[in-house]
Structure formats: C-alpha cells, structure tokens
Amino acid sequence: MKIVIASDHGGIGIRKEIATLLDEMKVEYNDLGCDCSISVDYPDYARLAAEKVAKGEADRGILVCGTGIGMSIAANKVKGIRCALVHDTFSARATREHNNSNMLAMGERVIGAGLARDIVKIWLETPFESGSRHENRVNKIKQIEHVW
Ligand code: RB5
C-alpha cells in the first residue's frame, strides 16, 4: 500500500509522528510537506495529496492541520475522495468498514500524537465491508459526484 501524507504548519508534529509510525510499519509513503514553520494554506496541501489519491498515484492519504476540518473539507472537493475527519479509534474503524474512506484527516490542536498513531494504525489495517449494505451506500455517494 502506498500512502501520501501532508500537513499545514498546524499539523507538522503529528505528521512527523505518522511518518515514524509508517516507517515502523514498513508502509511506503510520500511526505508532501509542508516543511516550513511559517503559515501556509491548508487547501494547497489537501489538494496535492487528494489529487494523488484520486489519480491512483497513492492508495490512501493522511492529512493533518490544526483542527483537521479544513483539510477534510478541501480534500472532499476532489472527485473520488472520501476523506474522514477522525479523532477517536471507534470512528477510525467504522469509517473504513462503512465508508471505505480513502483519506484520513486529523487535528493536531485536538488530539495528541499517541492517539493519532492508534487512529492511523486502525485506519490502515481495517478493511472495507465490501459486498455489504455499505457498498451500496458508498456507491450512492459516488453518484452524487455526477449530479453537479
Ligand atoms: C491554521 O491556523 C488552521 O486554520 C488550520 O490548520 C486548520 O485548523 C483549518 O481547518
């Protein structure tokens, strides 16, 4: 599995922690930044990562900003992206099983690095319940992309 990770200035700490976790898990990843300590615009990084997932250049993406909210809103504008804003382990598992989320967003001002690591691990390891009622629902989400 190939992962892309990205953050704005508000999410650098957790993004680095996730990179360490992915190294430990021997999961291949591409770190798209940011590498600066000055203020950057989270939509730029959400878009960069989301487009790589949408194009199939990465299987999944993980985004971090101050709250995770801006990153998730921006990523979900890209066709084919189902980005889940998650701050607990129950939701990390549920969004994989039920929503087949292909991107994860978290907020560094909301949770600590330990919980973020647990969330990422569960989110990466939990399969989608394909062939279930959830598949039909995810297909309905995809149909909305063709309405507008
Ligand atoms: C940056 O200050 C902050 O707005 C950003 O990291 C994020 O929380 C946006 O949703």
Side-chain angles (χ1 to χ4, degrees), residues 1-35 40-108 110-145:
M1 191 191 296
K2 264 199 242 166
I3 309 288
V4 281
I5 62 174
S7 78
D8 71 356
H9 54 283
I12 293 176
I14 284 187
R15 193 186 89 238
K16 298 281 181 203
E17 193 64 42
I18 292 167
T20 303
L21 173 66
L22 296 175
D23 285 333
E24 289 167 13
M25 293 175 73
K26 301 195 188 323
V27 172
E28 190 184 335
Y29 67 92
N30 184 5
D31 187 343
L32 303 173
C34 69
D35 289 321
V40 297
D41 297 333
Y42 61 82
D44 296 337
Y45 291 88
R47 180 175 181 170
L48 199 60
E51 286 182 345
K52 289 197 184 299
V53 175
K55 285 179 191 163
E57 292 169 19
D59 301 300
R60 305 251 202 107
I62 302 172
L63 301 168
V64 191
C65 64
T67 60
I69 298 170
M71 283 290 201
S72 60
I73 291 173
N76 279 316
K77 296 291 179 190
V78 176
K79 191 174 168 185
I81 296 304
R82 292 176 302 283
C83 181
L85 174 62
V86 172
H87 290 127
D88 65 276
T89 54
F90 174 84
S91 302
R93 184 174 294 104
T95 190
R96 286 292 310 134
E97 290 175 345
H98 294 197
N99 316 125
N100 199 13
S101 53
N102 51 12
M103 295 193 78
L104 172 69
M106 293 176 292
E108 181 165 323
V110 183
I111 55 169
L115 179 53
R117 282 175 62 103
D118 285 354
I119 287 169
V120 168
K121 201 161 187 303
I122 289 167
W123 185 75
L124 288 176
E125 292 177 345
T126 304
F128 175 50
E129 289 180 3
S130 55
S132 69
R133 64 191 184 284
H134 301 301
E135 186 153 5
N136 186 40
R137 291 167 186 166
V138 171
N139 285 335
K140 287 191 175 188
I141 293 175
K142 290 178 187 167
Q143 285 165 18
I144 299 170
E145 290 176 341

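Bear in mind that the values here come from a model prediction, so they are computed numbers and not experimental data.
Between Leu32 and Ala6, the shortest heavy-atom contact is CB-CB, 4.1 Å. Pairing each heavy atom of Val4 with each of Ala49, the nearest pair is CG2-O, 3.8 Å. Contact record, Asp88 with Ile119: N-CD1, 3.6 Å, taken as the closest heavy-atom pair. Residues Ala19 and Ile5 approach most closely at CB-CD1, 4.0 Å, considering heavy atoms. Residues Ile18 and Met106 share a closest heavy-atom pair of CD1-CE, 3.5 Å.
With hydrogens and angles disregarded, no donor-acceptor distance shorter than 3.5 Å links the side chain of Asn99 to the backbone of Ser101. Looking only at distances, a side-chain donor or acceptor of His87 sits under 3.5 Å from a matching main-chain atom of Gly107. At distances below 3.5 Å, not a single donor-acceptor pair connects side-chain atoms of Asp41 with backbone N or O atoms of Pro43.
A salt bridge links Arg15 and Asp35; the closest N-O separation between the charged side-chain nitrogens and carboxylate oxygens is under 4.0 Å.
Taking the side chain to side chain donor-acceptor pair (under 3.5 Å) definition, one finds that Glu24 meets it with Arg117, sequence neighbours left out.
Sparse packing is recorded around CZ of Arg47, with 12 or fewer heavy atoms of other residues, nucleotides or ligands lying under 6.0 Å away.
Interatomic distance, Thr89 OG1 to Leu115 CG, rounded to the nearest 0.5 Å: 7.0 Å.
The residue from Lys2, Met103, Arg96 that alone fulfils the side-chain contact (heavy atoms from CB on, under 4.5 Å) condition with Arg60 is Arg96.
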For residues 64-80, run the donor-acceptor check on the side chains, cut-off 3.5 Å, and write out each pair with its distance to 0.1 Å, sequence neighbours left out.
residue, atom, partner, partner atom, Å
Thr67, OG1, Ile69, N, 3.0
Ser72, OG, Gly68, O, 3.1
Ser72, OG, Ile69, O, 2.9
Asn76, OD1, Cys83, N, 2.7
Asn76, ND2, Ser72, O, 3.0
Asn76, ND2, Cys83, O, 3.0

Anything under 3.5 Å between a donor and an acceptor, one on a side chain of residues 125-134, the other on a protein residue two or more places apart or in another chain? List them.
residue, atom, partner, partner atom, Å
Glu125, OE2, Lys121, NZ, 3.3
Thr126, OG1, Ile122, O, 2.7
Ser132, OG, Glu129, O, 2.5
Ser132, OG, His134, N, 3.1

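Judged purely by distance below 3.5 Å, without hydrogens or angles, the side chains of Thr20 and Asp23 never pair a donor atom with an acceptor atom.
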